[in-house]
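Please read the structure below before turning to the comments.
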Amino acid sequence: MPSIPPSPSPSPAPATGPQLDAVVVGAGFSGLYQLYRLRELGLSVRVFEACDDIGGTWHRNRYPGARCDIESTSYSYSFSPELDQEWQWSERYATQPELLRYLHHVADRFGLRADITLRTRVTRTVYDEDDHLWQVTTDTGEMLTARFVILATGCMSAVKEPDIPGAAAFEGQALHTADWPREGVDLTGRRVAVIGTGCSGVQAIPLLAEQAATVTVFQRTPVYALPAHNRPLSAEENAELKAHYPQFRIAQRQSRGGTVFEPPTRSALEADDAERTATYAAAWESGLLSGLLRTYNDILLDPAANETVAEFVRSKIRTIVTDPATAETLSPRGLPYGTKRPCLDSGYYATYNKPHVTLVDLTKTPIVEITRSGIRTSERNHAVDVIVFATGFDAMTGSQIAIDIVGKNGTTLQEKWADGPRNHLGLLSSGFPNLFTVIGPLSPSVLSNAVVAIEQHVEWITDCIAHLREGGLTEIDATAAAEERWCAHVADLAGLTLYPAVASWYTGANVPGKPRVFLAYAGGLDRYRAQCDAAALDGYRGFTLTSLADVGWGRPRTGLLRNSGGASGGPPYPLRDF
Ligand code: N01
């Protein structure tokens, strides 16, 4: 399949570089698979990756203790049965180095590296309405045009800089978990402060405490963490898994969240105390991140049901942490279980039993400033040699907004999303045609197994591009009406849950000035997949598909070929009409 012919009249700014079918931004799990799929179509594709190597999240988050918290056998690509058979996971929850080795293996096995340009950040992309092409600019000065741009920029890649006065004054070593030095850091004999107790802090703190002379944890909000029960995978287990991989992968794709389980049907309030405690204890022992959320069907819907599980976790914290005051400080109060992402604990709570580990409760003694020598709270100065910022990300939208994206009529994505992200099906934002997002906002993304969600998006996008090519079409855009309905639907679903009331990165509340919007689709990956499939089956209902007369995919057509609301065939699903 030859590339699209060069545009006859490039505008608004001349592009000097080559013309491609697609530019993919980011070379993590999403970007690698998107490249693989588009190359299968025979398209010319270039992936730009800002880092000095591939791997995305798993390249950058090298802090001690970083590992996946969905089982590796499930948190991995499903598209290649051969890959499933040849790759051997060594642990139930793979470490960051093993996950990165896996992604390198994938890149090598499928020959992906040739189309990936490293150390190059896409800084700006402008839509040329005349030619239906994106003009893409990078920080290395490259300019090129592409029919499609796919943002595979990740949900957790825009690091949230510490918003604490004096941070620049610190004369010791300052580290961010998401930007950990490649060569590692020797903390032996050093006094280490950790700010932040989300998943990154929870994973890092036990490992930091193994090395450092002292560890002082500055906690603003305690989290709920379940024991990971991580362990090596035996040869027998691996053989068993591989024997059933094909069926498992199908079940995974059909599942609610990308991991296979039977959705609960009973309310927590229908069970008596003894039954609930036994159910929660079994979930606690399962070592599964979503174990407790799977016990009853109203944990995330009903505050009273939620409180039963919250109190169960608090009771567990009290049994692990020997000092009652520390146990209480670590126990979330007034925070419904699961409304901030739960964490998996590999020695986190037990670390607070060590004499050289101290917990500072910032709700009682807030940080006033970072000084030259450490961290000053309202109580005193804590002198330290190293500060580890485990302060998180501008999640879901940060990595997209960071690119200067100019769509139709000169509107920027920043302007369009000023009050929160807007798109149809989490895939395309109206006025930004041919600009797809992989596991971005208003899709299930962070509420599901990310790899399964990535595969669903990449496959939908690839099928869509193939459809455009087959029809000689050159542009797909979301209709404003469909987008309006989708945003309302996502908000309505979130409104049924306990999520929106909580200040978290799910709601954008962790970034000062960010609009407060629940950022993910809470209806489940299975229902979401059905809606995406139904829209495609129904002639890309909710999208406008057009073509140019003499620029395109070989079979030129003119004018509007399809539009929203078409009823050809109809979806096989009893779903709302978007
Ligand atoms: O970030 P977070 P994260 N002063 O935003 C605190 C994924 N992930 O990097 O809650 C003091 O969750 C903040 O306090 P508060 C996963 O999806 C996955 O840990 O705002 N404290 C909070 O405690 C996860 O949810 C894995 O009150 C400040 C912490 O910093 C997501 O990434 C591993 C502060 C930030 O927690 C983000 O996790 C790691 C301040 N000024 C991450 N600013 C896996 O296992 C922030 N905080 C796959």
Side-chain angles (χ1 to χ4, degrees), residues 28-29 56-58 60-72 74-75 92-96 98-99 154-167 175-180 193-205 207 216-226 228 230 288-290 330 332 334-335 338-346 348 359-363 365-370 375-377 387-396 398-399 439 445-451 453 502-512 514 519-520:
F29 261 106
T57 285
W58 298 109
R60 294 187 71 191
N61 287 265
R62 294 165 179 266
Y63 59 86
R67 60 174 76 237
C68 59
D69 57 12
I70 291 175
E71 290 169 311
S72 330
S74 161
Y75 186 84
R92 185 182 188 193
Y93 296 108
T95 59
Q96 173 271 333
E98 186 169 10
L99 284 154
C155 300
M156 301 291 162
S157 50
V159 169
K160 187 170 102 78
E161 295 300 335
D163 50 352
I164 301 171
L175 299 163
H176 195 292
T177 45
D179 212 1
W180 203 261
V194 182
I195 301 178
T197 52
C199 294
S200 302
V202 165
Q203 287 188 332
I205 287 162
L207 274 285
T216 309
V217 179
F218 294 81
Q219 173 193 272
R220 195 163 62 182
T221 309
V223 287
Y224 296 97
L226 288 80
N230 186 36
L288 295 170
L289 183 68
S290 52
L330 288 166
L335 173 70
T339 53
K340 280 192 171 191
R341 191 174 181 282
C343 306
L344 278 193
D345 172 354
S346 291
Y348 174 67
L359 181 64
V360 176
D361 182 352
L362 297 181
T363 62
T365 57
I367 295 176
V368 175
E369 62 172 345
I370 293 178
I375 296 172
R376 192 161 68 81
T377 64
I387 300 177
V388 174
F389 292 96
T391 43
F393 304 87
D394 181 352
M396 306 289 282
S399 62
I439 63 161
S445 85
V446 290
L447 298 183
S448 53
N449 177 343
V451 185
V502 172
S504 70
W505 62 255
Y506 284 145
T507 53
N510 67 326
V511 176
K514 189 166 172 172
L519 291 165

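Worth knowing before you read on, the calculation uses all heavy atoms, side chains too, and leaves out hydrogens, waters and symmetry mates. First listed ligand is number 1; within each ligand, the first listed atom is number 1. What you are looking at is a predicted structure, and each value in this text was computed from that prediction instead of being measured.
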For D345, salt bridge (Lys or Arg N to Asp or Glu O under 4.0 Å) partners two or more places apart | none

Under 3.5 Å, N/O to N/O: give me all the pairs between ligand 1 and the protein, one per line with atom names and distance.
residue: ligand 1; atom: 9 (O); partner: S200; partner atom: OG; Å: 2.6
residue: ligand 1; atom: 10 (O); partner: T221; partner atom: OG1; Å: 3.4
residue: ligand 1; atom: 10 (O); partner: K340; partner atom: NZ; Å: 2.5
residue: ligand 1; atom: 17 (O); partner: R341; partner atom: NE; Å: 3.2
residue: ligand 1; atom: 19 (O); partner: C199; partner atom: N; Å: 3.0
residue: ligand 1; atom: 19 (O); partner: S200; partner atom: N; Å: 2.8
residue: ligand 1; atom: 19 (O); partner: S200; partner atom: OG; Å: 3.3
residue: ligand 1; atom: 20 (O); partner: R220; partner atom: NH2; Å: 2.9
residue: ligand 1; atom: 23 (O); partner: T197; partner atom: N; Å: 2.9
residue: ligand 1; atom: 25 (O); partner: W505; partner atom: NE1; Å: 3.0
residue: ligand 1; atom: 27 (O); partner: R220; partner atom: NE; Å: 2.9
residue: ligand 1; atom: 27 (O); partner: T221; partner atom: OG1; Å: 2.4
residue: ligand 1; atom: 30 (O); partner: A390; partner atom: O; Å: 3.3
residue: ligand 1; atom: 41 (N); partner: D163; partner atom: OD1; Å: 2.9
residue: ligand 1; atom: 43 (N); partner: K160; partner atom: NZ; Å: 3.4
residue: ligand 1; atom: 45 (O); partner: R67; partner atom: O; Å: 3.0
residue: ligand 1; atom: 45 (O); partner: D69; partner atom: OD2; Å: 3.1
residue: ligand 1; atom: 45 (O); partner: Q203; partner atom: NE2; Å: 2.9

Write down the atom of Y348, the atom of Q219, and the distance for their closest heavy-atom approach.
-> OH-OE1, 4.4 Å

Starting from the C-alpha separation in whole Å, work towards a yes-or-no answer on side-chain contact (heavy atoms from CB on, under 4.5 Å) for F393 and V159.
-> CA-CA 4 Å; F393 304 87; V159 169; 4.3 Å; yes

Verdict with supporting geometry, Q203 and N61, side-chain contact (heavy atoms from CB on, under 4.5 Å) = CA-CA 11 Å; Q203 287 188 332; N61 287 265; over 6 Å; no

With distance as the sole test, does R62 use its side chain to make a donor-acceptor pair with the main-chain N or O of W180 at under 3.5 Å?
-> no

Test side-chain contact (heavy atoms from CB on, under 4.5 Å) applied to Y224 and L335, step by step | CA-CA 9 Å; Y224 296 97; L335 173 70; 4.1 Å; yes

